[in-house]
Amino acid sequence: MQRGTFQLMKSVNKSIILNKIRTSEPISRAQIAKQTKLTPPTVSSIVKELIEQDMVRESDLGESKGGRKPTMLLINHEAFYVIGVDAGPDSIHCILTNLSGEIIDRAESKLQANLSNAKFLEVLINSIHVLFRSINNRDKIIGIGVAMHGVVEVDTGTSLIAPNLKLSNIPIKAELEKEFGLLVKVENDARAMALGESWFGNHGELTSMMAVNLGLGVGAGIVLNGKLYHGAENIAGEIGHMAIDMNGDVCECGNPGCLQTLVSGPAIAKRANRKTGEEVFQLATSGDQDAIEVLEETGLILGIGLTNLIHIINPELVVIGGGVSKSSAFILPTILSTIEKRALTMKAKRTRIVISELGDNATLLGAVALLLVELFEPL
Ligand SMILES: [Zn+2]
């Protein structure tokens, strides 16, 4: 699909119909008209266009209610591709998926230390080119989604601050659009992860959810009514910098006692006097009591942070992902017992807290979902 065609897709009624088919497939034209309150002629003419554009296909598996079986409609998931990128801090992962998020191909490039903006963009562009080589029909790629750590200005697709790479003001969207001639969306990595969980995590229909990424840093994404919440200046969800201990260690942001100085992978390692969070996890798994205690305390601190969030956002679900979530056997019980003890109401005490089942793919699939939102969701 050319860029022009993609832009054309974004009529409101078309998005409403596409999203209805996606969430309710198989569905008939009559059911779409009834459920969206669009007129049957409008539905028919838009569905005709969608079929011509290969986005939707017909199936004959309608329910029989005595008379003629209605023709059912399905999304043609195999017709188009999306590229999702998880950029940094130490490598660039790219995936190529179809419209249902099924991963068709992958590429990975390592990032060297002390990069310049130009070098970072060069590695990023080359990784994406690798995936392009594996597809015959490039017109079928609808766009590229990029998940980037740090502060991202979403409108311009610029990485304003990428602390782990020590870079700033990287014009990711502008450079990728120039190189590939496709729509490019750039988002903070924890927010992309939240969107990935919301689209592909099998959590059911939710009006509010959060995903917390526990890795080298700590961040979160908030999804309200299917949409990412950014806040006024794109810093909503920066929970790594929630103050927990006003006399604590100084964080990279300059403030003392941020959540991230206590529960990120490196912070856990430091508290346990070990080299990496991974090492602490291995020791705990082999029964080392000190390591187990550090992880249990990590769960308690996280429980305090999550209780604060529950009191501010009150989400139906919190999904925990990132490297640290692999030690869920040690941290989850104390997370749950802390929330149970501290949250204000009975229902808040029982807020659903789950570990991501998408694992490392959550952020990548979220990058893909950045484009799917453009395609399927009403403006
Ligand atoms: Zn901080």
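Indexing begins at 1, ligand by ligand and atom by atom, following the structure's order.
Residues passing the side chain to side chain donor-acceptor pair (under 3.5 Å) test with Ser328, sequence neighbours excluded: none. Not counting sequence neighbours, Glu153 has no partner by the salt bridge (Lys or Arg N to Asp or Glu O under 4.0 Å) test.
Applying the side chain to side chain donor-acceptor pair (under 3.5 Å) definition to pairs two or more places apart or across chains, those involving residues 240-251 are Asp249-Lys270.
When Val368, Leu131, Val130 are each tested for a side-chain contact (heavy atoms from CB on, under 4.5 Å) with Leu96, only one passes: Leu131.
Taking the six-membered ring where the residue is Trp, Phe330 and Phe281 present perpendicular rings, their angle passing 60° and hence far from 30°.
Tally of protein N, O or S atoms closer to the Zn ion (ligand 1) than 2.8 Å: 4.
Smallest separation of non-hydrogen atoms from Thr307 and Arg342: CG2-CB, 3.7 Å.
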